[in-house]
Amino acid sequence: RKEVEQDPGPFNVPEGATVAFNCTYSNSASQSFFWYRQDCRKEPKLLMSVYSSGNEDGRFTAQLNRASQYISLLIRDSKLSDSATYLCVVMTGTGGFKTIFGAGTRLFVKA
Amino acid sequence: EAQVTQNPRYLITVTGKKLTVTCSQNMNHEYMSWYRQDPGLGLRQIYYSMNVEVTDKGDVPEGYKVSRKEKRNFPLILESPSPNQTSLYFCASSLDLNSPLHFGNGTRLTVT
């Protein structure tokens, strides 16, 4: 089992749709969680940090469920410019300072 | 401007010819790390450093070396590159374990 698992997609949605991504992690000692966006083999860019209390930034909402060991990302009112690969990232301080990336979920938003 | 700077952006080399990819950050971050990204495998951690003179292996350290003599710099060294090290490499830094990573622009390496 991979340490961080994501549905690779692709997700094909029309403009204006709501789309949700989930990511599960296996290390219960994981400490911090993030969603990144990556465009066409460019560097990943931070989208949101993820907290147990949930956090929202405009059309984006992220949630962490520690009991079930998953994080989620909700995108409302999808735009063409949201087309990208979304990476969940889990950081743990157990046995070092490890960073584990999910394989990424590809999103295509169409007009 | 706060940034992580990697050089070069593109590099084509031959098997066995030593090379260094530089990484520098201007944010006074404690933590720096190197990753490689390959199709179907995602981003994988090569080495990381939690502070000056403190480095440790990630998931795929074989064939790579690093050093952290100064806080701002974290070069990646390939002593004897091989074709299976052809990949897209990213350097990143963060303030601490609870802070997000800031990535460099990437280095596309081809080893023939």
Side-chain angles (χ1 to χ4, degrees), chain A residues 2-10 21 23 25-27 29-53 55 57 60 62 64 66 71 73 84-106, chain B residues 2-7 9-10 23 25 27 29-51 54-61 66 68 74 86-110:
Chain A
K2 292 181 181 178
E3 290 187 74
V4 176
E5 295 205 60
Q6 280 184 262
D7 181 345
F21 305 139
C23 174
Y25 61 96
S26 60
N27 186 345
S30 296
Q31 192 159 333
S32 50
F33 309 86
F34 306 94
W35 282 103
Y36 279 77
R37 170 195 171 124
Q38 187 175 28
D39 294 283
C40 211
R41 304 282 274 173
K42 293 187 177 179
E43 75 274 21
K45 293 190 176 177
L46 178 69
L47 187 63
M48 300 180 76
S49 301
V50 190
Y51 308 111
S52 297
S53 55
N55 50 311
D57 182 2
F60 300 87
L64 165 65
R66 283 193 180 273
I71 65 174
L73 177 67
T85 298
Y86 291 83
L87 305 170
C88 70
V89 182
V90 175
M91 297 173 82
T92 175
T94 306
F97 194 153
K98 295 288 182 69
T99 316
I100 309 295
F101 289 80
T105 299
R106 190 75 175 91
Chain B
Q3 60 184 4
V4 178
T5 304
Q6 273 181 250
N7 280 297
R9 292 292 307 276
Y10 302 92
C23 176
Q25 51 93 5
M27 295 169 280
H29 283 171
E30 301 282 336
Y31 176 80
M32 297 185 76
S33 187
W34 277 102
Y35 306 89
R36 61 177 290 174
Q37 186 172 30
D38 303 287
L41 296 175
L43 280 134
R44 294 177 293 167
Q45 191 172 33
I46 303 171
Y47 268 95
Y48 63 93
S49 170
M50 296 177 68
N51 212 328
V54 180
T55 64
D56 210 343
K57 296 177 181 178
D59 293 321
V60 288
V66 292
R68 187 93 182 270
F74 190 45
T86 292
S87 187
L88 177 59
Y89 291 86
F90 290 105
C91 179
S93 71
S94 72
L95 187 60
D96 53 42
L97 181 59
N98 296 309
S99 301
L101 291 162
H102 298 256
F103 284 86
N105 289 340
T107 296
R108 191 173 294 277
L109 171 66
T110 302

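Naming: A, B, ... by sequence-line order, numbering from 1 per chain. Source: prediction; values computed, not measured.
Between atom CD1 of residue A:Ile100 and atom CG of residue B:Leu43 there is a gap of 11.0 Å, rounded to the nearest 0.5 Å. A distance of 15.5 Å separates NZ in A:Lys42 from CZ in B:Phe103, rounded to the nearest 0.5 Å. With rounding to the nearest 0.5 Å, the separation of OG1 in A:Thr99 from CH2 in B:Trp34 is 14.0 Å.
Put simply, of B:Ser33, B:Pro100, B:Ser49, B:Gly106, the one with the most heavy-atom pairs under 4.5 Å next to chain A is B:Pro100. Between chain A and the options B:Met50, B:Lys57, B:Arg44, the largest number of non-hydrogen pairs under 4.5 Å is found for B:Met50.
Contacts between A:Phe33 and chain B at a heavy-atom distance below 4.5 Å are absent for every atom of the residue. Proximity to chain A is limited to the side chain of B:Arg108, based on heavy atoms less than 4.5 angstrom apart. In this structure, chain A has heavy atoms under 4.5 Å from both the backbone and the side chain of B:Leu101.
Remark: A:Phe101 pairs with B:Tyr35 by the ring pair (Phe, Tyr, Trp, His ring centres under 6.0 Å) rule, at least two apart or across chains.
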Sequence neighbours left out, cut at 3.5 Å: what donor-acceptor pairs do the side chains of residues 90-99 of chain B make with other protein atoms?
from, atom 1, to, atom 2, distance (Å)
B:Ser93, OG, B:His29, ND1, 2.8
B:Ser94, OG, B:Asp96, O, 3.2
B:Asp96, OD1, B:Asn98, N, 2.9
B:Asp96, OD1, B:Ser99, N, 3.1
B:Asp96, OD1, B:Ser99, OG, 2.8
B:Asn98, OD1, A:Gln31, NE2, 3.4

Please step through side chain to side chain donor-acceptor pair (under 3.5 Å) for the pair A:Glu43 and B:Gln6, ending with a clear verdict.
-> CA-CA 11 Å; A:Glu43 75 274 21; B:Gln6 273 181 250; over 6 Å; no

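The heavy-atom pair separating A:Lys98 from B:Gln45 by the smallest distance is CA-OE1, 3.5 Å.
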